[in-house]
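Throughout, protein chains are lettered first and strands after them, A, B, ... in sequence-line order, and every chain is numbered starting at 1.
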Protein chains: 2
Amino acid sequence: MGPNAYAATCPTRLVLDRIADKWAVLVLGLLLDGPVRFNQLRRTIEGVSQKMLSQTLKSLERDDLVTRKAIATVPVTVEYSITSLGKTLAVTVDSLRIWAEAHMESVQDAQQRYDARKAAGL
Amino acid sequence: MGPNAYAATCPTRLVLDRIADKWAVLVLGLLLDGPVRFNQLRRTIEGVSQKMLSQTLKSLERDDLVTRKAIATVPVTVEYSITSLGKTLAVTVDSLRIWAEAHMESVQDAQQRYDARKAAGL
DNA sequence: GAATGCTGGTATCTGATGGATACCAAGTGC
DNA sequence: GCACTTGGTATCCATCAGATACCAGCATTC
């Protein structure tokens, strides 16, 4: 009778919802290679808005998957690192990114075939 | 110069966004054990609305991760199965669910500590 | 024979969310 | 003085998730 993600009330559902997230996957994947500063993340993950990035990082920090460290440079820089708990997750979610990159073409082909079939009147 | 999920224009980004989805993870996890009917999925994945389930299944079918088969019973039943492409993904995303179940408690504890620290005025 | 339940959906409405944009302070370089 | 850096927050709007209601066709129940 452990946790079960298929049960509506199980907290696992909340955790799953949190980690099954595009931006979280990309952030964790980057942090696997070492600490990264905020704007460095922002530049590397093309297309993230500041809002989504800081929001994602805040959630990850709350879940103890990432740690935040403000450094008294000028201007103040903020460095994000992965925690040991986060590392176990990062390995898992990074395989998601790798799957996406590996099978992107198959998926795109499938989509085109599907859309063509639909357009042809099924 | 292969696909790169960190590039804004790479189609991988779209694929990643699609598969990093709570409902898709839960659906694929179930279909790993064999074909399942629509309402059976609906009952097992507690809390999915019909809308989100049919929407998720339609997307998965478009991406050739799942196949839909209407069976002429009365009333007509619809059976969903996983494809060979879908199977490779399902194995990956199921480990996400497993991570969530395994580390749910650690994450919850971390959240409580974080919130307590914040409430204490940082 | 009318009421209820099953099947697998779609249509509609609303509250939450994602993303774009602008703005902030403090400091450096020109 | 003007532009640019740092890491954010505030605001606005379009999109989206979720709840609810509805649909047809048939079986069972009362």
Under 4.0 angstrom between [X] side-chain N/O and [N] OP1 or OP2:
{"X": "B:R68", "N": "C:dG9", "value": "yes"}
{"X": "B:S54", "N": "C:dT10", "value": "yes"}
{"X": "B:K58", "N": "C:dG8", "value": "no"}

Check whether [X] and [Y] end up in the same hydrophobic cluster, where Ile, Leu, Val, Met, Phe, Trp and Tyr are linked by side-chain heavy atoms less than 4.5 Å apart.
{"X": "A:V107", "Y": "B:L14", "value": "no"}
{"X": "B:V78", "Y": "B:L31", "value": "yes"}
{"X": "B:L57", "Y": "A:Y114", "value": "no"}

**Report entry** Full working for side chain to side chain contact (heavy atoms under 4.5 Å, CB included) between B:R37 and B:R42
**Finding:** CA-CA 9 Å; B:R37 284 181 298 101; B:R42 190 157 119 71; over 6 Å; no

Query - A:R43 side chain, from C-beta outward: closest of C:dG19, D:dG8, D:dT6 - result: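 My answer, after comparing the listed nucleotides, is D:dT6.
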
Query raised in the report: Nearest of C:dG18, D:dA19, C:dG9 to any side-chain atom of B:Y80?
Result: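 Among C:dG18, D:dA19, C:dG9, the one nearest the side chain of B:Y80 is C:dG9.
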
For [X] and [N], what is the distance between atoms [atom1] and [atom2] respectively, to the nearest whole Å?
{"X": "A:K51", "N": "D:dA10", "atom1": "NZ", "atom2": "P", "value": "12 Å"}
{"X": "A:L53", "N": "D:dG7", "atom1": "CG", "atom2": "C1'", "value": "10 Å"}
{"X": "A:M52", "N": "D:dT11", "atom1": "CE", "atom2": "C1'", "value": "16 Å"}
{"X": "B:Q55", "N": "C:dG9", "atom1": "CD", "atom2": "P", "value": "13 Å"}
{"X": "B:R42", "N": "D:dT20", "atom1": "CZ", "atom2": "C1'", "value": "12 Å"}

**Report entry** the helix from C:dG8-D:dC23 to C:dC30-D:dG1: angle between end helix axes, five pairs per end, rounded to 10 degrees
**Finding:**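 Computed from the C1' atoms at both ends, the axes differ by 20°.
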
Under 3.5 Å, sequence neighbours excluded: what are the donor-acceptor pairs made by side chains of residues 2-12 of chain B?
{"residue": "B:N4", "atom": "OD1", "partner": "B:Y6", "partner atom": "N", "Å": "2.9"}
{"residue": "B:Y6", "atom": "OH", "partner": "A:L26", "partner atom": "O", "Å": "2.7"}
{"residue": "B:Y6", "atom": "OH", "partner": "A:L30", "partner atom": "N", "Å": "3.4"}

Query - Stretch residues 12-41 of chain B: residues that reach within less than 4.0 Å of DNA chain C through a heavy atom - result: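 When residues 12-41 of chain B is checked for heavy atoms under 4.0 Å from DNA chain C, the hits, listed by number, are B:R37, B:F38, B:N39.
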
Report task. Output, in order, the C-alpha distance, side-chain angles, deciding distance and verdict of side chain to side chain contact (heavy atoms under 4.5 Å, CB included) for A:L89 and A:I82. Result -> CA-CA 10 Å; A:L89 174 60; A:I82 202 161; over 6 Å; no

Query raised in the report: Do A:T67 and A:Y80 have side-chain heavy atoms sitting under 4.5 Å apart?
Result: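 Not in contact.
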
**Report entry** Nucleic acid footprint by protein, nucleotides 22-30 of chain D - heavy-atom cut-off 4.0 Å, B for base, S for sugar-phosphate alone
**Finding:** ---BS----

Requested in this report: Using a cut-off of 6.0 Å, state whether more than 12 heavy atoms not belonging to A:E105 lie near its atom CD.
Outcome: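 Count not over threshold, so no.
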
Query raised in the report: Can you name the residues that form a ring pair (Phe, Tyr, Trp, His ring centres under 6.0 Å) with A:W23, not counting sequence neighbours?
Result: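 With sequence neighbours excluded, A:W23 shows a ring pair (Phe, Tyr, Trp, His ring centres under 6.0 Å) to no residue whatsoever.
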
Query raised in the report: What residues form a side chain to side chain donor-acceptor pair (under 3.5 Å) with A:T44, not counting sequence neighbours?
Result: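 With neighbours one apart ignored, the set is empty.
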
Report task. Start with the C-alpha distance between B:D94 and B:R97, add both sets of side-chain angles, then the distance that settles salt bridge (Lys or Arg N to Asp or Glu O under 4.0 Å), and finish with yes or no. Result -> CA-CA 5 Å; B:D94 209 39; B:R97 177 186 61 79; 3.0 Å; yes

